[in-house]
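Quick notes on the structure that follows.
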Amino acid sequence: QVQLVESGGGLVQPGESLRLSCAASGFAFSRARINWARQAPGKGLEWVSSIYNDSRAFYADSLKGRFTISRDNARNTVHLQMSSLKPEDTAVYYCALYGCSPYECSKSSGYWGQGTRVTVSS
């Protein structure tokens, strides 16, 4: 069974950094495109980043330069390094298999984790 488990979220102050992790199992991870999306309180789902099997990475324009996606195929894990965090980054962050067709995501398709909450507040 496909499983995706996000971790690493928490409460941080503006300007600080967090690294989120997505631990995957149940599919051919090394050949898969993995996506990050987020949902802010009261807002719709927003595509954040995708990483392809060859490690090509793509980001939402508003996040480019602050967020870095990477993958560790030996550990079946994708990371999202988030720097210079802003209050508007506050959201539940999800990783997904198949749930996004760049550059939009829908939780009605694909496989999704339960999410990890990131709160950026002073």
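Every heavy atom of this structure was used, including side-chain atoms; hydrogens, water molecules and symmetry mates were not. Because the structure is predicted, anything quoted here is derived from the model rather than measured.
- Side-chain contact check for P14 versus P87: some heavy-atom pair is nearer than 4.5 Å.
- Two different hydrophobic clusters hold L45 and L63 under the rule that ILVMFWY side chains link at heavy-atom gaps under 4.5 Å.
- Atoms CZ and CZ, on R33 and R56 in that order, are 9.5 Å from each other to the nearest 0.5 Å.
- Between S62 and E46 there is a side-chain heavy-atom pair separated by less than 4.5 Å.
- Considering every non-hydrogen atom in both S30 and N53, the closest pair reads O-CB, 3.3 Å.
- Under a 4.0 Å N-O distance rule, the pair K86/D89 does not qualify as a salt bridge.
- Nearest heavy atom pair, residue W36 against residue C22, reads CZ2-CB, 3.7 Å.
- One distance of note links CG of L4 with OH of Y111; it measures 10.0 Å at 0.5 Å rounding.
- When all heavy atoms of S17 and S83 are compared, the closest pair comes out as OG-CA, 3.5 Å.
- Once rounded to the nearest 0.5 Å, the distance linking OG of S21 with CZ of R75 reads 11.0 Å.
- Rounding to the nearest 0.5 Å places CG of D72 at 5.5 Å from NE2 of H79.
- Side-chain atoms of Q114 do not come within 3.5 Å of backbone N or O of V5 as any donor-acceptor pair.
- Remark: E88 CD is packed, more than 12 non-hydrogen atoms of other residues, nucleotides or ligands lying under 6.0 Å away.
- Remark: F58 pairs with Y52 by the ring-ring contact (aromatic ring centres under 6.0 Å, His included) rule, at least two apart or across chains.
- Panel note: side chain R38, backbone A91; no donor-acceptor pair is recorded below 3.5 Å.
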*Give the C-alpha distance, both sets of side-chain angles, the deciding distance and a yes or no for side chain to side chain contact (heavy atoms under 4.5 Å, CB included) between Y103 and S49.*
CA-CA 8 Å; Y103 303 96; S49 181; over 6 Å; no

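- The closest side-chain heavy-atom distance from F67 to S84 is not below 4.5 Å.
- Contact between M82 and Y93 at its shortest, heavy atoms only, is SD-CE2, 3.8 Å.
- Within a 6.0 Å radius of CG in D61, no more than 12 heavy atoms belonging to other residues, nucleotides or ligands are found.
- For the pair V2 and W112, the minimum side-chain heavy-atom distance is 4.5 Å or more.
- Of all heavy-atom pairs spanning I69 and A57, the tightest one is CG2-CB, 3.5 Å.
- Summarising the local packing, CZ of F27 is surrounded by more than 12 heavy atoms from other residues, nucleotides or ligands at distances under 6.0 Å.
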*Given the rule in the side chain to side chain contact (heavy atoms under 4.5 Å, CB included) test, do L80 and T68 qualify, once you have shown the distances and angles that lead to the verdict?*
CA-CA 6 Å; L80 185 69; T68 302; over 6 Å; no

*For V12 and T119, what are the C-alpha separation, side-chain angles and deciding distance, and is it a side chain to side chain contact (heavy atoms under 4.5 Å, CB included)?*
CA-CA 6 Å; V12 297; T119 302; over 6 Å; no

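- V118 is connected to V78 through a chain of hydrophobic side-chain contacts under 4.5 Å among Ile, Leu, Val, Met, Phe, Trp and Tyr, so both are in one cluster.
- Nearest approach of W47 to C105, heavy atoms of both residues: CD1-SG, 3.5 Å.
- A 6.0 Å sphere centred on CD of Q81 holds more than 12 heavy atoms belonging to other residues, nucleotides or ligands.
- Atom-to-atom distance recorded for E16:CD and L85:CG is 8.5 Å, nearest 0.5 angstrom.
- Residue I34 is not grouped with residue V92 when hydrophobic side chains (ILVMFWY) are merged at heavy-atom distances under 4.5 angstrom, including chains of intermediate members.
- Taken to the nearest 0.5 Å, the OH atom of Y94 stands 5.5 Å off from the CD atom of Q39.
- Without hydrogens or angle criteria, T116 side chain to G9 main chain gives a donor-acceptor distance under 3.5 Å.
- Judged by the 6.0 Å and 45° rule, R71 forms a cation-pi pair with F29.
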